[in-house]
Amino acid sequence: MGNILEVRNISKKFQISHNQQRYLNFRDSLSSLFMPSKSSTETFYAVNDVSFNVKEGDSIGLIGKNGAGKSTLLKILSKITPPTSGSITCRGRIASLLEVGTGFHQELSGRENIFLNGSILGMKRKEIQLKFDEIVDFSGVENFLDTPLKHYSSGMQLRLAFSVAAHLDPEILLIDEVLAVGDAEFQKKCLGKMQEVSGQGRTVLFVSHNMPSIRTLCSTAIVMEHGKVIGQGDVNEMITQYLSTNLEKTETHDGLIPENLSRRNTGEAKFRQAQLFSLDNEVKKEFYFNEQFMVKIRLELFQKLENVNIWVFIVNSYGENVLMAVDNESYKPCKYEKGMHTFTVKFMEELMPGDYSIGLVICHFHTGFSIDYVDSFYPFKVIKETKDNLMEYPWTKVFGVVRPKTEWKWEAVQYK
């Protein structure tokens with residue numbers, strides 16, 4: 001199969017203004033009329049000299065930190081914004097879902113927006129009519145079809161927008177991180193639809209911070225950083241490269257979480273520190289494969305919080321959460337006062353050899369919305385040797401992620 005999309009040396013630059021003087025009141029604003037302006041401009045490249053090819057039927061994941069240029073690149077490919085330089089050769093119709101509500105009109109009903117958005121995507125009215133029932137059924141908003149879109153929740157708008165984009169038979173489907181708005185059931189439904197679209201020979205470009213979703217859907221991935229492509233190839237190798245690169249940049253000797261760490265935070269609370277300890281209370285970053293460990297975290301609350309839970313994750317090199325611990329094992333909400341809190345979590349299961357990191361989240365119990373979420377921090381390793389040095393892990397290939405505690409019962413059967 002040939003290339004359905006060819007991107008050659010694409011760049012997108014912006015001019016950023018820096019005002020060196022702040023005008024906080026009316027007097028300062030008046031005085032500024034008689035004084036020279038102290039401001040400067042800076043050239044910022046959101047996308048910088050990016051080139052890659054996409055073959056027909058490929059499913060490619062775009063991964064990178066916030067601000068890496070992924071969304072800007074998709075907007076250029078969707079022709080929402082023009083590139084500053086470079087060229088794109090596209091041999092198929094593109095449908096994109098970049099932001100909730102893009103291509104929709106808030107005053108029109110859901111029914112009218114299906115036809116409006118379909119027209120924007122280049123579909124004829126008859127084509128939309130043929131797919132109309134499938135779109136409505138998939139979206140699950142049939143009861144609100146004649147309600148103005150302004151009365152829809154963000155999740156309902158997402159359902160409708162994704163349904164339109166996925167059902168109008170584009171040769172290329174571009175999906176940004178907007179799926180994070182939907183609930184878990186709908187996210188699973190969307191991933192299934194994208195797999196179906198890819199299986200029909202169509203092309204999918206998928207931006208997400210959810211590495212398991214990237215692995216499920218995509219066979220290859222592109223890693224971006226500061227507007228540039230820093231890696232392209234097998235999806236597992238690229239995810240490992242991305243996670244290890246980011247862990248190296250956030251690694252600290254004392255487990256203090258850097259202020260500039262990319263995280264989802266509402267300002268109500270903030271994780272300050274996370275470290276691993278042996279059961280002898282020794283700080284470690286390398287464990288034997290038959291060794292248990294503890295995680296100690298410090299969390300600062302800027303106000304009293306009720307109906308919340310704190311979760312500690314152990315994340316493998318593919319970005320999957322392999323072990324999880326919650327502050328209330330009965331899965332009930334907790335209440336914490338304003339101030340600094342310290343927690344110690346002992347993990348009884350033993351990890352198989354490999355590379356791991358810690359994930360932290362404090363979230364609202366009823367909605368699941370994150371108050372502070374540290375995706376991956378404090379890299380550590382589990383080695384093949386045992387704690388007593390009597391043996392090594394006996395296989396070169398690791399099966400599973402934990403070494404469970406089991407009991408075997410053997411009974412001989414006599415045949416006559």
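We count residues from 1, following the sequence as given.
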Could you report the tightest heavy-atom contact between [X] and [Y], atom names first, then the distance?
X: Gly69; Y: Val47; result: O-CG2, 3.8 Å
X: Ile371; Y: Ala269; result: CG2-N, 3.8 Å
X: Val7; Y: Asn53; result: N-OD1, 4.4 Å
X: Met238; Y: Ile63; result: O-CD1, 3.9 Å
X: Ala325; Y: Val345; result: CB-CG1, 3.6 Å

For [Y], does the six-membered ring have the charged nitrogen or CZ of [X] within the cation-pi criterion, i.e. under 6.0 angstrom from the centroid and within 45° of the normal?
X: Lys346; Y: Phe293; answer: no
X: Lys296; Y: Phe277; answer: yes
X: Lys150; Y: Tyr152; answer: no

Distance-only, no hydrogens or angles: does the [X] side chain make a donor-acceptor pair with backbone N or O of [Y] under 3.5 Å?
X: Asp327; Y: Ile310; result: yes
X: Asp176; Y: Phe206; result: no
X: Glu112; Y: Ser109; result: yes
X: Ser59; Y: Ser219; result: no
X: Asp372; Y: Phe271; result: yes
X: Asn265; Y: Gly267; result: yes
X: His364; Y: His366; result: no
X: Lys70; Y: Lys65; result: yes
X: Gln273; Y: Ile297; result: no
X: Asp280; Y: Glu282; result: no

Salt bridge [X]-[Y], side-chain N to carboxylate O under 4.0 Å:
X: Arg272; Y: Glu300; result: yes
X: Arg215; Y: Glu320; result: yes
X: Glu171; Y: Arg91; result: no

Could you grab the distance from atom [atom1] of [X] to atom [atom2] of [Y], nearest 0.5 Å is fine?
X: Phe144; Y: Leu160; atom1: CZ; atom2: CG; answer: 12.5 Å
X: Ile114; Y: Leu145; atom1: CD1; atom2: CG; answer: 5.5 Å
X: Leu73; Y: Ile10; atom1: CG; atom2: CD1; answer: 8.0 Å
X: His341; Y: Ile362; atom1: NE2; atom2: CD1; answer: 8.5 Å
X: Glu225; Y: Ile230; atom1: CD; atom2: CD1; answer: 4.5 Å
X: Ser357; Y: Ile314; atom1: OG; atom2: CD1; answer: 8.0 Å

Non-hydrogen side-chain atoms of [X] and [Y] separated by less than 4.5 Å:
X: Phe14; Y: Tyr45; result: no
X: Val312; Y: Leu360; result: yes
X: Val361; Y: Asp375; result: no
X: Ile88; Y: Glu6; result: no
X: Val382; Y: Tyr356; result: yes
X: Val295; Y: Tyr378; result: no
X: Leu301; Y: Leu305; result: yes
X: Leu149; Y: Leu108; result: no

Report summary line: The ring-ring contact (aromatic ring centres under 6.0 Å, His included) partners of Phe115 (sequence neighbours excluded) come to Phe132

Query - For Phe343, all residues meeting ring-ring contact (aromatic ring centres under 6.0 Å, His included), sequence neighbours excluded - result: Tyr336

Query raised in the report: Do Glu237 and Thr240 have side-chain atoms, one donor and one acceptor, less than 3.5 Å apart?
Result: no

Query raised in the report: In terms of side-chain heavy atoms, does Gln232 have a donor or acceptor partner in Thr220 at a distance below 3.5 Å?
Result: no

Query raised in the report: After noting the C-alpha distance and the side-chain angles of Ser278 and Glu291, does the key distance pass the side chain to side chain donor-acceptor pair (under 3.5 Å) rule?
Result: CA-CA 8 Å; Ser278 67; Glu291 186 177 6; 5.0 Å; no

Query - Trace of the salt bridge (charged side-chain N to carboxylate O under 4.0 Å, His left out) decision for Glu407 with Lys409 - result: CA-CA 7 Å; Glu407 291 185 4; Lys409 183 179 180 181; over 6 Å; no

Requested in this report: I would like to know whether Met294 and Leu276 meet side chain to side chain contact (heavy atoms under 4.5 Å, CB included); could you show each step before the answer?
Outcome: CA-CA 6 Å; Met294 299 184 295; Leu276 261 72; over 6 Å; no

Report task. Determine, stepwise, if the pair Val322 / Val315 fulfils side chain to side chain contact (heavy atoms under 4.5 Å, CB included). Result -> CA-CA 6 Å; Val322 297; Val315 187; over 6 Å; no

**Report entry** Residue list, side chain to side chain donor-acceptor pair (under 3.5 Å) with Glu268, at least two apart or on another chain
**Finding:** Thr266

**Report entry** Crowding at NZ, Lys228 (>12 non-hydrogen neighbours, <6.0 Å)
**Finding:** no

